[in-house]
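Everything below concerns the one structure shown next.
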Amino acid sequence: MTALGVQAQKLLAQRRPRRSFSDPSIRALIILCASLAVVLSSISICDGYWLLADDRLFGLWHFCTTSNQAELHCLRDLRQAHVPGLASGMAVARSVATLAVVVAIFGLELLMVSQVSEDPRSWHRWAVGSALFLLAFILSFGGLLSFLTLLRNQVTLMGLTLTFWSEFTASFLFFLSAVSGLHVNSISRTDSVTHPWGLPAEF
């Protein structure tokens, strides 16, 4: 190997791309945001009580009534609420909301694995994880919309419970994590393709 070849290899080795400090920090914030969304959505769905209307409490899993400030009397048979289509519609709402959490957990796993491993497929894992969060947003928002549509005659802004707003916040965070993740990944991917060795275009 000629001396020129040795010098060229040394130059390339010195100029191999290194991640800037901001890139891992932004990705860590996205993972943190995604983790918070999964926790909020899980708590909201497990609790399930999303709407208080007069003396009735509507949830994903139960329907409760109270009278004279007595203890809640809860029923799993949502047909007892005497709301048309509530039983079948609520089954769809809780199914898509639960599926959103499952999809988000797989997406979060891919995001974290992509940061641990530094192989060339890391960007692909990150992209798939972000896409899964976009799917989780669609499912989560669909569950919220289904719930509000079923109980449109009972819904009031003050009647929506804290767990409902937790699910709403989680849905927004799913969307924010997905869009941010895809945007950051596209920027990183474009930079690596344009300048794979971190060298100026003239070189």
Side-chain angles (χ1 to χ4, degrees), residues 17-51 58-61 88-151 160-196:
R18 290 191 179 94
R19 283 186 177 183
S20 64
F21 175 77
S22 61
D23 185 70
S25 300
I26 292 173
R27 291 176 185 264
L29 287 175
I30 292 173
I31 291 175
L32 180 61
C33 177
S35 303
L36 180 60
V38 170
V39 172
L40 285 175
S41 186
S42 300
I43 294 173
S44 177
I45 292 171
C46 288
D47 179 81
Y49 296 113
W50 285 5
L51 176 65
F58 295 93
L60 294 176
W61 311 95
S88 56
M90 201 62 74
V92 174
R94 62 174 173 256
S95 296
V96 295
T98 304
L99 184 58
V101 177
V102 175
V103 171
I105 290 173
F106 281 107
L108 180 61
E109 181 181 0
L110 285 173
L111 294 185
M112 296 177 70
V113 170
S114 70
Q115 292 304 99
V116 173
S117 60
E118 292 293 339
D119 57 77
R121 302 292 292 177
S122 295
W123 70 271
H124 181 69
R125 295 191 189 97
W126 182 273
V128 173
S130 300
L132 286 178
F133 268 98
L134 187 59
L135 177 59
F137 160 72
I138 295 172
L139 292 171
S140 177
F141 189 76
L144 289 169
L145 193 60
S146 299
F147 183 86
L148 294 175
T149 302
L150 289 168
L151 298 169
L160 296 171
T161 65
L162 182 61
T163 49
F164 173 88
W165 292 113
S166 296
E167 180 66 16
F168 182 84
T169 304
S171 181
F172 173 74
L173 291 177
F174 285 150
F175 177 76
L176 184 63
S177 301
V179 173
S180 301
L182 291 172
H183 181 65
V184 168
N185 207 50
S186 65
I187 293 175
S188 301
R189 185 63 178 165
T190 302
D191 291 343
S192 64
V193 170
T194 306
H195 301 292

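The backbone N or O of S166 sits nowhere less than 3.5 Å from a side-chain atom of S44 that would complete a donor-acceptor pair. The backbone N or O of S114 lies less than 3.5 Å from no partner atom in the side chain of W123, so there is not a single donor-acceptor pair. In this structure a side-chain-to-backbone donor-acceptor pair under 3.5 Å is missing from S140 to A136. With hydrogens and angles ignored, the 3.5 Å screen pairs no side-chain donor or acceptor of S41 with any backbone N or O of A37.
When side chains are defined from C-beta on, N185 does not count as touching S130, because their heavy atoms never get closer than 4.5 Å. By the 4.5 Å heavy-atom criterion applied to side chains, V92 and S88 are not counted as neighbours. The shortest side-chain heavy-atom distance between F137 and L173 does not fall under the 4.5 Å cut-off. Side-chain contact between F164 and L51 is absent, with no heavy-atom pair separated by less than 4.5 Å. In this structure, the side chains of L132 and L111 stay at 4.5 Å or more apart for every pair of heavy atoms. Side-chain contact between W50 and T163 is present, with at least one heavy-atom pair separated by less than 4.5 Å. Side-chain contact between W126 and I30 is present, with heavy atoms from C-beta onward closer than 4.5 Å. Residues L108 and F133 form a side-chain contact, since some pair of their non-hydrogen atoms from C-beta on lies under 4.5 Å apart.
Of all heavy-atom pairs spanning A127 and L182, the tightest one is O-CD2, 3.9 Å. Of all heavy-atom pairs between F175 and L134, the closest is CD1-CD1, 4.3 Å. Nearest approach of F58 to L151, heavy atoms of both residues: CB-CD1, 3.7 Å. Heavy atoms only, all atoms of each residue included: G142 and V96 are closest at C-CG2, 4.3 Å. The nearest pair of heavy atoms linking V38 to A104 is CG2-CB, 3.8 Å. Heavy-atom minimum distance, L150 versus M90: CD1-N, 3.4 Å.
Ring planes of W165 and F168: perpendicular class, angle over 60° (limits at 30 and 60°).
One distance of note links OG of S171 with CG of L176; it measures 11.5 Å at 0.5 Å rounding. Expressed to the nearest 0.5 Å, how far CD of Q115 lies from CZ of R125 amounts to 11.0 Å. Residue F172 holds its CZ atom at 14.5 Å from CD of E167, rounded to the nearest 0.5 Å. Remark: I31 CD1 to S180 OG distance equals 12.5 Å, nearest 0.5 Å.
Looking at I45, L99, L60 one by one, the single match for side-chain contact (heavy atoms from CB on, under 4.5 Å) with R94 turns out to be L60.
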**Asked** So L148 and L160, side chain to side chain contact (heavy atoms under 4.5 Å, CB included) or not? Walk me through it.
**Response** CA-CA 10 Å; L148 294 175; L160 296 171; 4.1 Å; yes
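The neighbour count for F141 CZ, taken as heavy atoms of other residues, nucleotides or ligands under 6.0 Å away, does not exceed 12.
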